[in-house]
Structure formats: structure tokens, C-alpha cells
Amino acid sequence: MSKNPRKTVSRASARKPAKVAAKRLTPPPKVGTSDDTPLRIARALEAIAAHLSANGLAPATPQSFGGADAFVWHPDGRLTEVPRVARVDIGLLKGIERMRDILIENTERFADGLPANNALLWGARGMGKSSLVKAAHASINVDRGPADRLKLIEIHREDIESLPALMELLRASAFGFIVFCDDLSFDGNDASYKSLKAVLEGGIEGRPDNVILYATSNRRHLLAREMIENERSTAINPGEAVEEKVSLSDRFGLWLGFHRCSQDEYLAMVKGYCGHFGITMPEEELEREALEWSTTRGSRSGRVAWQFTQELAGRLGVRLSGK
């Protein structure tokens with residue numbers, strides 16, 4: 001009688017491993033069934049991670065700024081070097097002498113570690129706003145050693161939302177930077193201006209001490225008139241809504257207005273270009289052709305003067321090698 005209980009226990013204990021083994025041998029859910037969702041999500045995430053790892057580019061580091069004086073910022077965290085900046089010699093910028101002197105003085109102060117203002121260059125098209133920024137940067141660096149040279153970084157209008165990330169990158173560098181945005185303006189329901197607003201003044205960190213912002217725009221307040229009017233018409237307090245929009249321009253401490261040039265200023269631009277590049281033509285004929293060119297374009301500006309100079313140089317077989 002004492003043998004039967006022992007046999008029962010041994011049989012029971014022998015069955016348990018069989019059940020465990022059976023559980024371990026249970027096959028995973030097949031792809032395409034209703035139970036494979038977590039498996040498919042995991043595989044998709046692994047594929048995305050592998051793709052990003054293979055194609056991702058490492059962000060720029062502060063040590064990489066010594067290779068060039070100008071860069072273009074990309075919103076994915078890259079800074080690409082610009083070996084040769086498309087710029088005009090500052091001596092060729094006519095009709096904007098007052099704005100030129102103010103911007104150069106402000107830039108010199110910044111380069112010397114003194115207080116300086118962010119600058120908004122606004123006004124008529126083609127009057128040399130962006131050309132002045134690039135020319136001022138070049139003129140400041142002429143007599144400076146490699147460690148003291150200012151760096152020019154261009155950020156495109158559509159990438160303004162990534163401006164805080166750029167500021168964080170530049171903050172750690174020993175160089176001084178001019179962050180430049182050409183043709184800056186905001187339309188419709190675009191709220192990216194808030195990123196710029198926080199960087200200029202208002203964010204906790206604010207603008208780094210080694211960074212200054214220069215922007216050009218055809219609008220004094222950077223916003224379309226209908227955009228401001230829409231804010232006024234739909235707001236509970238119209239005055240406060242408009243103030244919110246207009247305050248963006250107020251955060252640029254320096255406003256430089258560019259207005260349409262006179263006929264004499266336009267002709268001075270043309271003659272300055274021709275003298276610089278060695279283009280010779282009787283003065284009366286040069287003036288007549290230059291004025292006829294501006295009439296066909298419907299305006300007089302530095303851009304129109306440069307376009308006429310290119311036309312004249314090409315016709316006379318003169319290479320603009322000094323550009």
C-alpha cells in the first residue's frame with residue numbers, strides 16, 4: 001500500500017516538465033495575423049532607426065568654425081561652409097553711405113566685445129541691404145587675425161523655427177557670429193516669428209553674447225498689412241493683438257531705412273561699377289544708356305545699376321573678374 005502514493009507523485013512530477021516544454025515550443029505569431037501588431041511596430045521602429053543612423057549627418061561642433069568665415073545653417077543641425085561669399089566691395093555701395101557707416105560702427109563694436117544692437121535693414125528693393133551686410137562683414141575681418149574674425153551665418157527665412165537650436169550651438173563657441181536672414185517677413189497664420197522674438201529679447205536664455213542678428217526686409221514691421229488687420233478684426237482687444245505683431249520689429253535695436261535712389265545716385269552707382277571694372281565709354285553715352293535701362297526696368301536702384309553694368313560689360317567684352 002505504501003508504494004502507490006510514491007508512484008502517483010512521480011507521475012505527477014514527470015508531467016510538469018512536459019507542460020513547460022510544450023509552452024516553450026509554442027511558435028511566435030505569424031505576420032499577418034491579428035496578434036502580430038507589436039511585432040510589426042518593433043520591426044518598423046528598428047528599420048527607421050537603422051535608416052537614420054545610416055543617413056544622418058553629425059551636427060557641427062564649435063571646433064569646426066575655424067575652417068571658414070561664412071556658413072549656411074540647415075534645420076537638421078548642419079552648418080555648411082561657404083568658401084567664397086557672393087559680395088560686392090563696400091566701396092561700390094553708393095547712395096547708402098549713412099546706413100553703411102552706422103552698420104559698420106555697430107559691427108565693429110560687436111567685434112570688439114562692446115555692446116551692439118541687432119539690426120533690421122528695411123526698405124526699397126534692390127538698394128543694397130543684403131549687400132551691405134555681407135560687405136560690412138568682409139570689411140571688419142580685413143585686419144583681424146584668425147581667432148578674432150567674425151563668422152557670418154545665413155539662416156533661411158523658412159528655417160527660422162530652428163533658430164533656438166542654432167543659438168544653442170553658437171553659444172559654446174569662442175568666435176563671434178553675425179546671424180543673417182535675408183528677406184525676412186511673415187504671412188498668413190505663420191507663427192514661426194515667435195521663435196525669432198524669443199531669441200531677440202524675451203526668452204530665458206536670450207541671445208548669446210557672441211551672437212548678433214542682422215535681417216533685411218521690404219517691410220518695416222516684417223508682417224503683411226492684411227495680417228495685422230486680420231489680427232485687429234478678430235481679437236478681443238484689437239490694440240493688444242496688433243501690438244503683439246508689431247513688437248517683433250521693436251526688438252531690433254537698430255533700424256536702417258533704405259529708400260529709392262535719385263537719378264544722380266543711380267548714375268553714380270553705374271559710374272562706380274564701370275570705373276572699378278575698367279569699362280570705358282564716353283560719359284554722355286554712358287548716362288544716356290544707363291537712364292534708358294532704368295526706364296525699361298521701371299525703377300532706379302543699386303540692383304538695376306549692377307544689371308546694367310553686367311549688360312554693358314558683356315557687350316564690350318569686359319570680364320568682371322573683380323566681382
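Predicted, not measured: the structure shown is a model, and the values here were computed from it. What you see below is based on every heavy atom in this structure, not just the backbone, and it leaves out hydrogens, waters and symmetry mates.
Applying the side-chain hydrogen bond (donor to acceptor under 3.5 Å, both in side chains) rule to Arg288 yields no partners; only residues at least two apart in sequence or on another chain are considered. For the side-chain hydrogen bond (donor to acceptor under 3.5 Å, both in side chains) test, residues two or more places apart in sequence or in another chain that qualify with Ser162 are Trp73. For Glu108, the side-chain hydrogen bond (donor to acceptor under 3.5 Å, both in side chains) criterion is met by no residue, not counting sequence neighbours. With sequence neighbours excluded, the residues satisfying side chain to side chain contact (heavy atoms under 4.5 Å, CB included) with Ala138 are Arg87. Scored by the side chain to side chain contact (heavy atoms under 4.5 Å, CB included) test, Asn117 finds Asn106, Leu254 as partners (sequence neighbours excluded). Contacts of Glu81 classified as salt bridge (Lys or Arg N to Asp or Glu O under 4.0 Å), with partners at least two apart in sequence or in another chain: none. Listed by chain and residue number, nothing satisfies the side-chain hydrogen bond (donor to acceptor under 3.5 Å, both in side chains) test with Glu97 (two or more places apart in sequence, or in another chain). With sequence neighbours excluded, the residues that form a side chain to side chain contact (heavy atoms under 4.5 Å, CB included) with Asn218 are Arg125, Lys129, Asp183. Take Phe110 and apply the ring-ring contact (aromatic ring centres under 6.0 Å, His included) test, not counting sequence neighbours, and it matches no residue. Under the side chain to side chain contact (heavy atoms under 4.5 Å, CB included) criterion, Glu284 pairs with no residue, sequence neighbours left out.
By the 4.0 Å N-to-carboxylate-O rule, Glu105 lies too far from Arg100 to be salt-bridged with it. At a threshold of 4.0 Å, the pair Asp112-Arg144 counts as salt-bridged, since one of the basic side-chain nitrogens sits closer than that to a carboxylate oxygen.
Under a cut-off of 6.0 angstrom, the local environment of CG in Asp101 is crowded, with over 12 non-hydrogen atoms contributed by other residues, nucleotides or ligands. Atom CD of Glu158 has more than 12 neighbouring heavy atoms from other residues, nucleotides or ligands inside a 6.0 Å radius. Counting heavy-atom neighbours within 6.0 Å of Arg98 CZ, excluding the residue itself, gives a total of 12 or less.
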Derivation of the side chain to side chain contact (heavy atoms under 4.5 Å, CB included) call for Leu291 and Leu267: CA-CA 8 Å; Leu291 292 176; Leu267 292 175; 4.0 Å; yes

Stepwise side chain to side chain contact (heavy atoms under 4.5 Å, CB included) check, Cys274 with Lys271: CA-CA 5 Å; Cys274 290; Lys271 293 176 182 178; 5.7 Å; no

From CA spacing to verdict: salt bridge (charged side-chain N to carboxylate O under 4.0 Å, His left out), Lys94, Asp264: CA-CA 10 Å; Lys94 306 293 184 181; Asp264 290 340; over 6 Å; no

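The side-chain heavy atoms of Ile153 and Val211, taken from C-beta on, include no pair separated by under 4.5 Å. When side chains are defined from C-beta on, Trp306 does not count as touching Val88, because their heavy atoms never get closer than 4.5 Å. Here the side chains of Leu170 and Pro208 are not in contact, with every heavy-atom distance at 4.5 Å or above. Cys261 is listed as a side-chain neighbour of Met269, based on a closest heavy-atom distance under 4.5 Å.
Taking the six-membered ring where the residue is Trp, the centroids of Tyr273 and Phe308 are separated by 6.0 Å or more.
For the side-chain contact (heavy atoms from CB on, under 4.5 Å) criterion with Tyr214, the lone passing option out of Val179, Leu184, Ile178 is Ile178.
Under the side-chain hydrogen bond (donor to acceptor under 3.5 Å, both in side chains) criterion, the residue pairs touching residues 147-156 are Asp69-Arg149, Asp69-Lys151, with sequence neighbours excluded. A side-chain hydrogen bond (donor to acceptor under 3.5 Å, both in side chains) check over residues 292-304, counting only residues at least two apart or in different chains, returns nothing.
Rounding to the nearest 0.5 angstrom, the gap separating the CE atom in Met127 from the OG1 atom in Thr216 is 14.0 Å. If you take OG on Ser217 and CG on Leu120, they are separated by 6.0 Å, rounding to the nearest 0.5 Å. Taken to the nearest 0.5 Å, the OG atom of Ser131 stands 11.0 Å off from the CG atom of Leu121. With values rounded to the nearest 0.5 angstrom, Phe177 atom CZ is found 10.0 Å from His137 atom NE2.
Under the 4.5 Å side-chain contact rule for hydrophobic residues, Leu320 and Met281 share a cluster. One hydrophobic cluster, built from ILVMFWY side chains closer than 4.5 Å, cannot hold both Val85 and Phe71; they sit in different ones.
When all heavy atoms of Ile96 and Gly128 are compared, the closest pair comes out as CD1-O, 4.2 Å. Contact detail for Phe65 and Ser173: the closest heavy-atom pair is CD1-OG, 3.6 Å.
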